[in-house]
Amino acid sequence: MIILLLGPPGAGKGTQGERIAAALKIPKLATGDVLRAAVRDGTAQGRAAKAYMDRGDLVPDEVILGIMKEALAAPSAASGVVLDGVVRTVPQADGLARVLADLGRRLDVVLVFDVDEEELVRRLGARTVCEGCQTPYMGRDPGSACAKCGGRLVRRADDEPEAVRNRMRTYRAQTAPVLEWYAARAKSGGPRVVRIEAAGEVAAIERRVLEALGR
Ligand code: AMP
């Protein structure tokens, strides 16, 4: 099953994506994680992406399409994949459809995470992430240890208020149209689009998500 998670920054795509991947025993691809690892490792891709990411701007579509292509063609993605934050513009949605068609595959479902903006800003202000495995945490101090891998928890530079405001603007301008793009295609044989009420307890949201996936 190929599942695409759409939603604004802080909507819980990373947290729920991990849980869906574990429940369905398929990998998760998060372009943000791939890019942060590239920045940390100082690769050419990381050096090119860093300034965009720190400002809360989107990195160019060609970079994302390259990451998408490589990850989807990998043997580990053969039985499915959870795509977290991978499609953020209409050209990327179009590109994903073409990459999948070339592989003889298709997107099964688009899950749209709905949370109001006040809650998003609150969540991002309280978020730390593991420097190593990128697991997000709420309300855990920077410098404490990741429960999963023992790595150090840090604040993301783009979770600071100015970058958050820019990421929200970017979402409204460039990613919200992707929802309409998929909604239009759902009527003519495209992937199913399911909206998920993504405020409240993580476990309750997970139940809604798994139910939407028929689990
Ligand atoms: P995320 O971890 O998903 O919040 O992504 C962090 C940052 O990585 C974003 O603010 C963008 O700068 C960049 N990024 C991640 N995924 C994409 C994408 N699909 N298109 C463009 N930029 C992306």
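Atom set for the values below is all heavy atoms of this structure, side chains included, hydrogens, waters and symmetry mates excluded. What you see is a predicted model, and the numbers here were worked out from it, not measured in a lab. Remember, it's 1-based here, ligands and their atoms both numbered in the order they're listed.
With a 6.0 Å cutoff to the six-membered ring centre and a 45° limit on the axis angle, Arg55 counts as a cation-pi contact of Tyr52.
The shortest N or O to N or O distance between Val59 and ligand 1 is under 3.5 Å. Residue-to-ligand polar distances place Val86 within reach of ligand 1: an N/O pair is separated by less than 3.5 Å. Checked against a 3.5 angstrom limit, the closest N/O atoms of Tyr52 and ligand 1 fall outside it.
Expressed to the nearest 0.5 Å, how far CG of Leu65 lies from CG of Asp94 amounts to 9.0 Å. The distance from atom CG of Leu35 to atom CD1 of Ile67, rounded to the nearest 0.5 Å, is 4.0 Å. Within the model, atoms CD of Gln92 and CG of Asp61 stand 4.5 Å from one another, a figure rounded to the nearest 0.5 Å. Between the CZ atom in Arg167 and the OG1 atom in Thr170 there is a gap of 9.5 Å [rounded to 0.5 Å]. The CG atom of Leu107 lies 6.5 Å from the CG atom of Leu100; values are rounded to the nearest 0.5 Å.
Using a 4.0 Å cut-off to heavy atoms of Gln92, the atoms of ligand 1 that qualify are 18 (C), 19 (N), 20 (N), 21 (C). Heavy-atom proximity to Gly85, at under 4.0 Å, picks out these atoms of ligand 1: 16 (N), 17 (C), 18 (C), 19 (N). Set against the non-hydrogen atoms of Gly32, the atoms of ligand 1 under 4.0 Å away are 2 (O), 5 (O), 15 (C), 16 (N). Taking every heavy atom of Leu58 and a limit of under 4.0 angstrom, the matching atoms of ligand 1 come to 21 (C), 22 (N). Here is the list of ligand 1 atoms found below 4.0 Å of a heavy atom in Ile64: 17 (C), 18 (C), 19 (N), 20 (N), 21 (C), 23 (C). For ligand 1, the atoms sitting less than 4.0 Å from at least one non-hydrogen atom of Asp57 are 11 (C), 12 (O), numbered in the order shown with element in parentheses. Near Arg167, meaning under 4.0 Å from any of its heavy atoms, are these atoms of ligand 1: 4 (O).
Arg156 counts as a contact of ligand 1, since one of its heavy atoms falls under 4.0 Å from the ligand. The closest approach between Arg36 and ligand 1 falls below 4.0 Å for a heavy atom of the residue.
Not one N or O on the side chain of Arg152 forms a donor-acceptor pair closer than 3.5 Å with the backbone of Glu131.
Summarising the local packing, CD of Glu119 is surrounded by more than 12 heavy atoms from other residues, nucleotides or ligands at distances under 6.0 Å.
Of all protein heavy atoms, the one lying nearest to atom 14 (N) of ligand 1 is Leu35 CD1, 3.7 Å. Among protein heavy atoms, atom 16 (N) of ligand 1 sits closest to Thr31 OG1, 2.8 Å. Of all protein heavy atoms, the one lying nearest to atom 9 (C) of ligand 1 is Arg88 NH2, 4.1 Å.
Of the charged side-chain nitrogens involved, at least one lies within less than 4.0 Å of a carboxylate oxygen, so that Glu160 and Arg155 count as a salt-bridged pair. Glu162 and Arg165 are not joined by a salt bridge, as no carboxylate oxygen comes within less than 4.0 angstrom of a charged side-chain nitrogen.
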